[in-house]
Amino acid sequence: MTRARVLLLTAALGPLDYRVPHGTDAPLGSVVVAPLGPRRMGGVVWEDESFGAPEPVGDNRLRNLFEVVPVPPIAAPLRRLIEWTSDYYLAPPGSVLRMVLPGAAFADARRPIIEYRATGALPARMTPQRIVALEKIGERQGIVRELAAMAEVSEAVIRGLVQTGALEAISVSADQPYPEPDPAFAPPDLSAEQTAAAGQLRDAVDAAKFETLLLDGVTGSGKTEVYMEAIAAAIDAGKQALVLLPEIALTEPMLTRFAARFGCEPVAWHSGLRSTERRRAWHSIAAGEAKIVVGARSALFLPYGNLGVIVVDEAHETSFKQEDGVHYHARDVAVMRGHFEGLPVVLASATPALESLAQVEAGRYRHIVLPARYGGATMPDLAAIDMRRDPPDRGRWLAPPLVDALADRLGKGEQSLLFLNRRGFAPLTLCRTCGHRIQCPNCTAWMVEHRLVHRLACHHCGHVMPPPRLCPECQDEDSLVACGPGVERVADEVALRFPEARTAIVTSDTLWSPAKAAEFVDAVEAGMVDIIIGTQLVTKGYHFPNLTLVGVVDADLGLDGGDLRASERTFQQIAQVAGRAGRGVKPGEVLIQTRVPDAPVMAALVANDREGFYSAEAAARKSAGAPPYGRFAALVISSEDIDVARRVAQVLGEQAPQTKDLAIYGPAPAPLAMLRGRHRFRLLLHAPRSFDLQGAIRDWVGRVDWPSKARLAIDIDPYSFV
Ligand code: ADP
Ligand code: ZN
């Protein structure tokens with residue numbers, strides 16, 4: 001009899017033993033469907049000796065596997081990566097496996113899927129709800145569930161529209177091949193520096209060995225052009241290339257850019273894909289056919305059949321850290337994947353993370369530097385505006401020097417960008433009469449006013465409400481005032497000061513789809529926009545040659561909050577947004593509004609002293625034992641019942657390991673004491689690098705009885721301290 005040990009797609013269980021039915025072949029890595037109680041569940045055949053080699057189950061208690069799914073087996077290096085990720089981040093292996101086999105993506109691709117799209121015919125009985133639904137769906141198509149989500153209606157409404165003939169069924173096949181990118185389609189004429197860098201990357205890909213290369217080049221130096229040569233080398237060798245981007249919004253422009261270089265768009269992978277697109281992409285990736293995959297962090301765990309290189313673009317971005325489910329950092333796991341698979345990993349950034357630079361210093365990463373912008377474009381000039389000396393008018397947010405600079409660019413027909421990392425109109429609504437502040441009912445957070453859609457919204461849980469007319473506390477009428485600016489409010493000020501200027505607000509609220517992002521780029525490139533007002537969404541990737549002024553509306557915003565990376569993040573963010581200025585022949589100017597122009601980070605930005613800033617920051621971290629020289633972990637205990645959460649946190653605190661090397665802070669209410677209706681208590685752990693933090697946490701947490709009403713989230717190497 002043959003047996004198989006199977007890791008199932010569930011967080012709740014470790015590997016289980018099954019019987020392989022007679023005549024079936026289920027080698028290691030096979031994707032299978034197995035019985036679990038009354039259910040059918042997917043899983044992967046695994047080595048017996050993994051996960052602490054649990055005792056095998058007796059033959060008589062074995063159940064038969066249902067089937068082996070006809071897809072390529074999950075290869076050993078990826079199985080090792082899953083184990084490593086589970087071990088390092090203290091996450092259930094089944095949860096990690098789910099990122100390899102997401103949803104129904106791996107289901108049989110040959111079976112066609114029925115999607116629906118609008119026919120243009122209007123139903124005889126047209127309700128307002130149906131009209132709105134059809135409008136929101138527009139030209140798009142998808143399965144019933146996806147259309148319901150697009151239209152924000154129930155699935156019944158969609159089915160009703162199908163019955164009336166307003167939507168029609170189409171059969172979509174998920175196994176059509178993608179066009180093949182051509183490395184020789186349109187190679188660029190690289191500068192001498194770029195050629196040298198590209199040569200190093202090409203050689204690393206050809207060597208097909210693990211190595212991490214930090215591609216460190218100022219904004220506009222041509223990092224993308226250079227790493228595309230590594231990708232060309234991988235395709236030349238018959239292999240696949242994966243490019244990870246920090247933001248879905250960046251995928252669309254990147255797809256276009258790749259199409260210009262390789263003759264066709266790469267395969268995209270992100271949470272915005274339809275289920276048919278997902279299935280098609282997954283199968284093509286697993287078969288080794290999708291040659292270039294561009295995606296968000298979730299693309300990292302896919303089972304590439306024949307991967308040759310991984311590129312992490314904007315590798316310093318903290319959005320590579322996943323903040324729910326498995327709390328992994330895609331940059332770090334990408335390097336581990338390179339290690340297990342024996343392939344080079346390229347980290348590209350104009351402002352590398354201190355973590356990455358420390359690895360360079362330790363001799364573990366190769367440092368490839370592009371010191372100058374391509375094509376003779378100069379780096380922009382940065383200057384601080386001291387908001388204490390040069391304050392804006394009352395109730396305004398732009399200081400006189402910035403207003404003058406905007407007027408100057410408008411006069412010259414050049415474009416400007418105002419950066420403020422805050423969506424909406426105002427971050428706080430306050431009652432003038434009683435001082436009441438409108439708070440989210442589910443979170444320890446203020447409701448943010450979004451005036452364009454006439455709503456107050458919580459940026460943590462998504463709760464929305466209409467702006468109240470009366471103060472909810474004292475019932476006073478017309479006493480509520482908006483405090484502080486968001487991008488919408490800055491746009492209002494721009495409209496007041498420059499009524500003739502054409503503006504564009506760029507946030508996740510306005511650029512909510514790839515099509516919207518493309519529309520924005522087209523408008524700016526066509527010169528239809530004079531002033532862009534945007535959040536961090538506009539700080540990366542865009543290349544607008546006629547944009548010559550960047551104004552940072554509130555440079556101090558990221559500095560409060562006591563986050564250990566606050567200065568580093570501020571430096572990176574402002575350097576990135578500054579990098580949008582003067583990318584063409586006209587030089588760029590960057591004006592930074594701050595109340596602390598003498599703070600080291602502001603001084604370094606203005607003096608263009610990256611090295612000075614990094615070495616001071618590194619020294620400070622070293623003396624504090626902070627990352628990358630020491631380690632943190634956070635344990636967050638949460639429950640809808642505050643007493644349960646507090647009690648569990650207390651018990652956990654009492655049982656804390658007593659070791660000289662391990663400092664434990666808390667338990668204490670987390671800074672975000674309530675989130676999505678759950679009360680949160682936090683323990684923060686601090687240890688030297690050499691300390692086995694995971695081992696200590698595993699023993700400790702394993703000793704505590706866990707009530708079902710409380711949840712524990714473990715965050716290794718946290719980036720968020722709320
Ligand atoms: P980075 O990623 O370092 O910010 P990019 O790769 O986006 O830089 O390059 C900046 C701009 O310069 C882009 O428009 C790019 O197409 C152009 N560019 C860079 N290098 C070359 C080259 N060798 N030939 C033609 N255009 C180039
Ligand atoms: Zn909320």
Side-chain angles (χ1 to χ4, degrees), residues 186-199 201 214-232 243 245-246 250 253-254 256-262 294 311-317 346-352 368-380 424 427-428 437-448 450 455-465 521 524-525 538-547 572 575-585 588 638 640 672-680 722:
D189 236 335
L190 296 180
S191 70
E193 273 162 356
Q194 291 175 336
T195 305
L201 295 189
L214 180 64
L215 180 58
D216 180 357
V218 297
T219 53
S221 57
K223 292 183 294 299
T224 315
E225 302 291 338
V226 167
Y227 74 61
M228 279 176 166
E229 294 314 294
I231 293 169
V243 182
L245 301 176
L250 291 175
M254 206 47 119
T256 313
R257 205 159 159 193
F258 271 79
R261 168 68 182 81
F262 293 102
V294 173
V311 177
V312 184
D313 201 357
E314 314 283 4
H316 62 280
E317 279 293 328
V346 180
L347 309 181
S349 175
T351 50
I368 303 178
V369 180
L370 293 171
R373 281 188 158 178
Y374 171 75
T378 50
M379 291 304 284
L428 174 67
R437 300 157 169 220
I438 300 185
Q439 194 179 339
C440 174
N442 313 316
C443 308
T444 318
W446 310 125
M447 295 294 285
V448 179
H450 287 249
R455 284 278 184 283
L456 300 184
C458 170
H459 287 183
H460 292 282
C461 71
H463 178 76
V464 288
M465 61 197 243
V521 172
V524 179
E525 282 177 350
V538 288
T539 61
K540 295 175 288 266
Y542 294 112
H543 180 74
F544 300 130
N546 197 34
L547 198 160
Q572 289 164 332
Q576 284 290 338
V577 70
R580 299 313 109 200
R583 291 170 74 96
V585 285
S638 71
E640 283 173 11
L672 198 55
M674 188 161 85
L675 177 64
R676 295 191 184 88
R678 300 180 70 86
H679 299 272
R680 305 166 76 242
V722 297

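Just follow the structure's listing: the first ligand is 1, and inside any ligand the first atom is 1.
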Q: Would you please test Glu640 and Arg676 for salt bridge (Lys or Arg N to Asp or Glu O under 4.0 Å) and show each step?
A: CA-CA 9 Å; Glu640 283 173 11; Arg676 295 191 184 88; over 6 Å; no

**Q.** Atom indices of ligand 1 within 4.0 angstrom of Glu225 heavy atoms, with elements
**A.** 6 (O), 15 (C), 16 (O), 18 (N), 19 (C), 20 (N), 21 (C)

Q: Give the contacting part of Arg257 toward ligand 1: side chain, backbone, both or neither, where contact means a heavy-atom distance below 4.0 Å.
A: side chain

Q: Specify whether Tyr227 and Phe258 have parallel, tilted or perpendicular ring planes, treating 30° as the upper limit for parallel and 60° as the lower limit for perpendicular.
A: tilted

Q.
Quick check on Val218 - does any of its heavy atoms sit under 4.0 Å from an atom of ligand 1?
A. yes

Q | side chain to side chain contact (heavy atoms under 4.5 Å, CB included) assessment of Val218 paired with Leu370 | A | CA-CA 7 Å; Val218 297; Leu370 293 171; over 6 Å; no

Q: For the pair Glu229 and Arg261, find out whether any cationic side-chain nitrogen is under 4.0 Å from an anionic carboxylate oxygen.
A: yes

Q.
Students should be able to answer this: which protein heavy-atom is nearest to atom 8 (O) of ligand 1, and at what distance?
A. Gly222 N, 3.0 Å

Q. Does His459 bring an N, O or S atom to within less than 2.8 Å of the Zn ion (ligand 2)?
A. no

Q: Could you establish whether Gly217 and ligand 1 come within less than 4.0 Å of each other, counting only heavy atoms on the residue side?
A: no

**Q.** Contact atoms of ligand 1, heavy-atom distance to His543 under 4.0 Å
**A.** 11 (C), 14 (O)

Q) So which heavy atom on Ala350 is nearest to which on Asp216, and how close? A) O-OD1, 4.2 Å

**Q.** Asp189 contact mode with ligand 1 (heavy-atom cut-off under 4.0 Å)
**A.** backbone

Q.
Taking backbone and side chain together, does Cys440 place any N/O/S atom at a distance below 2.8 Å from the Zn ion (ligand 2)?
A. yes

(Q) In the structure I gave you, are the side-chain heavy atoms of Gln439 and Met674 within less than 4.5 Å of one another anywhere? (A) no

Q: Locate the shortest heavy-atom distance separating Arg680 from Leu675; write the atom from each residue and the value.
A: CD-CB, 3.5 Å

(Q) Just so I know, are the side chains of Met228 and Val311 near enough to count as touching, which here means a heavy-atom distance under 4.5 Å? (A) no

Q. Where the Zn ion (ligand 2) is the centre, what is the SG-to-SG angle for Cys443 and Cys458, rounded to 10°?
A. 110°

Q: Please confirm whether Gly220 comes within less than 3.5 Å of ligand 1 when only nitrogen or oxygen atoms on both sides are compared.
A: yes

Q: Starting from atom 24 (N) of ligand 1, find the nearest protein heavy-atom neighbour and note its residue, name and distance.
A: Tyr374 OH, 3.1 Å

Q) In the protein, which heavy atom is nearest to atom 2 (O) of ligand 1, and how far is it? A) Thr224 OG1, 2.9 Å

Q) Non-hydrogen atoms of Arg373 versus ligand 1: any pair closer than 4.0 Å? A) no

Q. Which residue holds the protein heavy atom closest to atom 20 (N) of ligand 1, what is that atom called, and what is the gap in Å?
A. Gln194 NE2, 2.9 Å

Q) Between Ser349 (side chain) and Ala315 (backbone), is there a donor-acceptor pair under 3.5 Å? A) no

Q: Confirm or rule out an N/O/S atom of Cys461, from backbone or side chain, lying less than 2.8 Å from the Zn ion (ligand 2).
A: yes

**Q.** Residues Glu314 and Lys223 bridged, charged N to O under 4.0 Å
**A.** no

Q. Is any N or O atom of Thr219, backbone or side chain, closer than 3.5 Å to an N or O atom of ligand 1?
A. no

(Q) I need the atoms of ligand 1 closer than 4.0 Å to a non-hydrogen atom of Arg583, numbered in the order shown. (A) 4 (O), 7 (O), 10 (C)

(Q) Assess, by modelled atom type and distance only, whether the side chains of Arg583 and His543 contain a donor and an acceptor separated by less than 3.5 Å. (A) yes

